[in-house]
Structure formats: structure tokens, C-alpha cells
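Written below as C-alpha cells is the structure these notes are about.
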Protein chains: 2
Amino acid sequence: MKVTIYDVAKEANVSIATVSNVINKKGRIGEKTRKRVHEAMEKLNYEPNMLASALTGKQTKTIGLIIPDLANPFFSELARSIEDRAHELSYNIVICSTDYQEEKENKYISLLKQKRVDGFILASGFENLERVQELMKEDIPVVIVARDYPNFSINAVALDDYMGGYQAANHLLQLGHKNIGFIALDVYSNRERIRGFKDALREHHIEPRKDLHFIEDKKQSLVKAGNISAIEYLESEEIPTAVFACNDLLAIGAIQAIKEAGLNVPDDISIVGFDNTSIATIVDPPLTTMSQPIQRMGREVMDLIISIFKGERDDEVRITLVPDLVKRKSTKEV
Amino acid sequence: MKVTIYDVAKEANVSIATVSNVINKKGRIGEKTRKRVHEAMEKLNYEPNMLASALTGKQTKTIGLIIPDLANPFFSELARSIEDRAHELSYNIVICSTDYQEEKENKYISLLKQKRVDGFILASGFENLERVQELMKEDIPVVIVARDYPNFSINAVALDDYMGGYQAANHLLQLGHKNIGFIALDVYSNRERIRGFKDALREHHIEPRKDLHFIEDKKQSLVKAGNISAIEYLESEEIPTAVFACNDLLAIGAIQAIKEAGLNVPDDISIVGFDNTSIATIVDPPLTTMSQPIQRMGREVMDLIISIFKGERDDEVRITLVPDLVKRKSTKEV
DNA sequence: CCCTTTAAGTTAAGCGCTTTACTAATAGGT
DNA sequence: ACCTATTAGTAAAGCGCTTAACTTAAAGGG
């Protein structure tokens, strides 16, 4: 059978309370006793049962991370950076991919609640905030990452998506582009990016194209979606000279479509992406893209949730990071 | 306070045992009582505490997944496919990235043992099997995926790496290449692939190049590693006409180096990769690569570990899947 | 009509810890 | 020598559940 605290106590000739205290460095314990207990633990190869200890009110040292899709490089890189910080702080991460499906969001949240995770990091769509509000009402720490909910009081590490879109557009405008398309999903962050994008155009007295629209279908692969959207542009009356894609995967799909149509990126059409995942450097041409500080976000969001655990936060915190334009080879003056 | 089984019992006017039995569909319970209990749970918004239930000997419904690096597309895609199957079976996955560091492997395993995960899925290096044997000795279910340990009795869903290397080499040989380099990490799977690779060459009476070696440094990015290795070949006496890279990331690094040297893939040098991750279709040229059946592996490994939970396995099972050559545009006859 | 079954629950112990309140023993002060 | 502090440790309750053993009441059998 598994060795328990009782076995250790017996071996060391002390009470279980003393063993517990030694483990948790609490209470008053003599040097000799401490040593005896440690030896006993060593000898028996004792591993404390965290379930039992969590049952008495201590943390489970586990955090739920809910994201749309682990196979998407942006999220796997974000998850990795969160995991790294979590590891430093002795937490584990349980990762759940929702595919933007509310049903999965709900099921995962409920499952993780039953497992008494210490808190949630949400990076999923969650267009519907009901679930999130429920968590908050139950005093379960929640932090949002890579997504913001203005007008809603919640802890978040967000990216200034509006600014990102604005900058992307500006870059293109400075290169002299006037006929610019966009490719975006119908999710909050993308809508914000496009808002910034359009505002930038208008500041330059350019009316956004009329055929612009958001991609509704969230079940297809993003590369495919980008591909299809680009084809629409290629078949339109006036082919744009530049396209702003709201993430790198969409951008890549677009590049493929353009190449297949016998055109060249950036000579015929410039592309700017968003995220700056590792694949941005891998495609040909290397993608000019808005860089999200993924490492930084992972770290900040972990530190934020930890500070909530510690009760160091009385009011909500909203950390907004600013994306950066990374110029590579997919854009060019017109 | 959190609502417990006692609250439900009181509300429904039954004993906690009855509530427990209703939840677990055990014992004999009248239709009316069952309904009353359900209503009470509904009304109070009851969520069973899995910690408590696990403490009594039931499963935690949580599985530890240990991989080298979540940011590597092969592993994030594998993790995703495992997660999907796990979700169907109502399990959660806690993911740990080890970077091939034994220290992290050990720390993660120990942490997860304390959390009493139901079992481990290992996809990490684990050159040192000590830890794994310990787990097995303690009767904790362990399954290996994407890695095999011949001469060691363990449950595994493996890829026939030898065959993969053999096929990759054969493809190149059939295209007429004679001077072929390879790029590989010093990990078991890669060594096997190279063994197959070399055997294929020898069957064609071609002696492998003398400057072939494995990459030792596991801390740099794989793309970078592939890049460096390729440069070595480019600067060698006889530049190879083809290179076999043991994973897609290495292949991509090699392609970049070749392009930067002003040469063309596949005209000057053919490249074949390994894994067939989603990025293989994204690079330019699209990568010819050995395809690992990632979806299949994820599913098989989950089903395998579940069958172990159920005690359906008396002896160990080793499922070996065979990789497939996917021809794209990065190889060409010499 | 009495005894055995069967159905429908209940009681209470136990899972492995944490923690509060308590005890015992020694040291310190005068 | 007597009382108070202080130190080192213990006993026992409780966390929220499962489950084996038991109870009670109604039904069935002869």
C-alpha cells in the first residue's frame, strides 16, 4: 500500500501532527525531531497526498487553462510560456481546448471546478460571459489573457488589439497602399483589430472596401479559412494591393492562395499578419506581422493569478500590452 | 460556503449515502427519492468535490502528459489529439514540458504522483528509465507514446522509426541521390530513423558520409539547429544533393540555410522531413516528409491507458504504427 | 398468520491530511 | 523553592466523500 503520514509518524516515533508540521515548516519542532522525521520520510519514500491536503482547505496547486485550440501555434506557445512560469512556482496546468464551442467551455469549467483547481486562466472566446461571472461570484480566481472585455470588471492581461490593427494599417498606408483587404474571424480580438484598421484608413481618408466581412465558420482550419478569403479577394472586381490578416495562420492561407493564383507576395500583394508566432519566420516570404509578446503575457498572467491567490489584489487589474510591428519580407511599397 | 453532499442530503431529506448513491447510480433507490435528490442538487447548484471522492479510492480522472516541448508543433498536435480523446472519456490532461531535462522530468513526475493522477503518458526523452520503472513498480499505469524501448517491457504506442528512416532514404535513392546528408538529434527516435536511413543506403551500396553526426545541444531551437547543421554541409567538401532531416523543424531550418546560401530546394538540394506537422504544408517549398499518424497515436494511447485502468491488460501491449511518405515539393530527382 | 425475501434506505467508519486547543516539561525570574 | 513563560509536541476534530454492514418496512409464500 501507499505509505501515508501515519507510517512516517510511526517510523519516526512522533505524532502525525509533528510530521505534518515538519513538512509544512510550521509550529515548533526540535532539530533532532525534524531530522528523525526527514529520515523516516526518506527511508519510506513518502510522497504526501495532495488530495488529502487540498481537502483540508489548502491549494491544489493546479490551474485550469482554457484556450480555443492547442494545435494553433499562438496558443501552444502561450500555453508553454504559462506552463514555464507555473512550473517555477510549483503549479501544474491543465489545458483544455474548446474550439470556440460554448458547450465545451461549459463542460471543462464544470469539470475543473469539481477538481477544485485553484483558478482559471481563460484565453478562449467566451462570447458569453455568464460562466465567467458565475466563477467570480463563487470567488474562484479568474484571469483573462489575450482577450479583453471592456465595460466588464475582471482581471486581465490584454493586448491592445485596436492599436495593433491601427499600426498594421498604418504600415501598409505608409507603403502607399490604398486598396487594402482584411481577413478576420468573428471574435472579439479580431473585431477590435479591424476597428483600429478601419480607423487608420479613415484617418487617411480612405473608405474601407465594401466587401469586407468576418469569417463565421470556426470549425475549418485557419489556414484554409485564410485561403478561401484570399480567393474571394482575388476574384473580386478590384484586387487589393495589400491584405491585413488577423493572425499568422490566416496570413499563411492567404499567401498560399496568392501564390497559387500565380501572383507574388509582396510584389503583387502585400500581406501583414498578426501574432508573430514561430511560423511567421518559417513561411516564404517571411511574414511581416504584429508581434504579440507571448512570453511576457504568459508570465504576467501567471503572476497576476498568483497575486490574486495571495489576496494581494483588492480591485481588478488590467494589464494592457502593446503589439509591435515586425517587418519582414511580405510587405512592400506599392 | 461551498455546498456539500450534506446540504443536498438535508434539502432532499435523505442521508448522504443516498445522495452519493444517486450520483454514482449505485445501490437501490426509489424513483421518487432519486428525483428529490436531483432536484435538491439542481436547486443548490451542487458540484461534487472530486478531491474527496478521489481520496476514498476513486480515480482523479486526470492524466499526466509529459512531453519535451509544447511549443513544438509535433507535440502540441499530439497533445491536442490526446486531449480530444481524453475529453470524450471525461478525463483531463495536465501537460508538462521537460525540454529533455531529466531534472524537470523528475520534478514533474513527483508532483503529479502527489496529485494522484490516474496514470502517465510519456512522450519525453527519458533516456533514463529509472523513474519509469519506479512508477511501474508502484503500479501506476504508464504508457509511452512516440517512442519505443525495445528490450523493455512496457505499454507503448510507437512509431516504426527505423522503417521511417529507411523509407525516407529509399525515396531519395530512387530519385537518384547518392550523396545524402542527415540532420538528427541525439535522441532515441532519431537514432532509429538514422539506423534505417543508413541501412537503406548500404543496401544500395552507398557508404554514408563520414561527417554525419547527431546534434547534442538540446536547448537551442530546432529550426536554428537545422540551420546550423545545414550550413556545415554547405561548407563541406562535397555538398550533398539531398538531406534527410529527422523532423520538420530541422528540415525547415535546413531549407532556410540553403536558400540563404543562394541555392534552391529542391533544384540544388532535396530535403525530406519527418512528422508531417501542419507546418510542412506551410513552408516553401511544401515539405516532402514522413507522416506520423498523430491523430491515431493520440487516440490509441488514450484508449490503451484506459484499458489499463480497467484492468483489461495482463501483459504489456505494444502498438507500432508505420509512417507514410508524403510527397510534396521539396524533393526532386538528381 | 407467521416467517422469509426483497426493496429502500441509513449508520458509521475510513480515506490522508491540517489545525486548533491542549499538555508536559524545562527554563527563567525573584 | 515557587510561579510564570516558553518550548516541544500530541490528541482529536474535521475536510467531503464512498462503502460495507446494518435496519426497517412492505411484499410474498405456505
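In what follows, chains carry the letters A, B, and so on, assigned in the order in which the sequence lines appear, proteins first and then strands, with residues in each chain numbered from 1. Computed from a prediction, not measured in an experiment: that's the story for all the values here.
Residue A/Ile29 is in sugar-phosphate contact alone, with no base atom involved, counting any heavy-atom pair closer than 4.0 Å across all strands shown. Nucleic acid contact for A/Ile16: base, since at least one base atom lies under 4.0 Å from a heavy atom of the residue. Using a 4.0 Å heavy-atom criterion, one finds that B/Ser53 contacts the sugar-phosphate atoms exclusively. Residue-level contact check: B/Gly57 touches neither bases nor backbone, having no heavy atom under 4.0 Å from any strand. Within 4.0 Å of B/Thr18, counting heavy atoms only, lies at least one base atom of the nucleic acid.
One atom, CG of B/Leu51, and another, P of D/dC17, lie 10 Å apart when rounded to the nearest Å. Atom NZ of B/Lys35 and atom P of C/dA8 are 16 Å apart (whole Å). As a whole-Å value, the separation of B/Glu31 CD from C/dA8 P is 10 Å. In this structure, the CD atom of B/Gln114 is 13 Å from the C1' atom of C/dG16, given to the nearest Å. As rounded to whole Å, 11 Å separates atom P of D/dT19 from atom CD1 of B/Ile5. Between the C1' atom of D/dC22 and the CZ atom of B/Arg28 lies a distance of 15 Å, rounded to the nearest Å. Rounded to a whole Å, the CD atom of A/Glu47 is 15 Å from the C1' atom of C/dC17. At whole-Å resolution of the value, CZ in B/Arg116 and C1' in C/dG16 are 9 Å apart.
The listed nucleotides are D/dG9, C/dG16, D/dT19; the one nearest the side chain of A/Thr33 is D/dG9. Which of D/dT10, C/dT10, C/dC17 sits closest to the side chain of B/Asn21 comes down to C/dT10.
Closest non-hydrogen pair, B/Ala79 versus B/Ile95, comes out as CB-CD1, 4.0 Å.
OP1 or OP2 of C/dT18 has at least one side-chain nitrogen or oxygen of A/Asn24 nearer than 4.0 Å. The shortest distance between the side-chain N/O atoms of B/Ser15 and the OP1/OP2 oxygens of C/dT11 is not below 4.0 Å. Considering only side-chain N and O atoms, A/Lys26 lies nowhere under 4.0 angstrom from the phosphate OP1 or OP2 of C/dT18. Residue A/Tyr6 has no polar side-chain atom (N or O) positioned under 4.0 Å from OP1 or OP2 of C/dG14.
Between the side chain of A/Asp7 and the main chain of A/Thr4, a donor-acceptor pair closer than 3.5 Å is present. When atom types are taken as modelled, the side chain of B/Thr60 and the backbone of B/Ala54 share no donor-acceptor pair closer than 3.5 angstrom. For the pair A/Glu83 (side chain) and B/Ser97 (backbone), a donor-acceptor distance under 3.5 Å is present.
Between B/Leu55 and A/Val19, the one whose closest nucleotide on DNA chain C sits nearer the 5' end is B/Leu55.
Sorted by first and then second residue, the pairs that involve residues 64-73 of chain A and meet salt bridge (charged side-chain N to carboxylate O under 4.0 Å, His left out), not counting sequence neighbours, are A/Asp69-B/Arg80.
Exactly one residue among B/Thr62, B/Ile63, B/Leu111 makes a side chain to side chain contact (heavy atoms under 4.5 Å, CB included) with B/Val117. That residue is B/Thr62.
DNA chain D is contacted by no residue of residues 36-45 of chain A, taking any non-hydrogen atom closer than 4.0 Å.
Taking the six-membered ring where tryptophan is involved, the planes of A/Tyr188 and A/Tyr149 are essentially parallel, since the angle between them stays under 30° and well short of 60°.
In this model, no donor atom of one side chain and acceptor atom of the other lie less than 3.5 Å apart for A/Thr277 and A/Glu77. Side-chain contact annotation: B/Asn49 with B/Lys2, donor-acceptor N/O pair under 3.5 Å absent.
Comparing the helix axis at one end of the helix from C/dC1-D/dG30 to C/dT30-D/dA1 with that at the other, each defined from 5 consecutive pairs, gives an inter-axis angle of 40° (nearest 10°).
Interatomic distance, CD of A/Gln295 versus CG of A/Leu78, reported as 9.0 Å (0.5 Å rounding).
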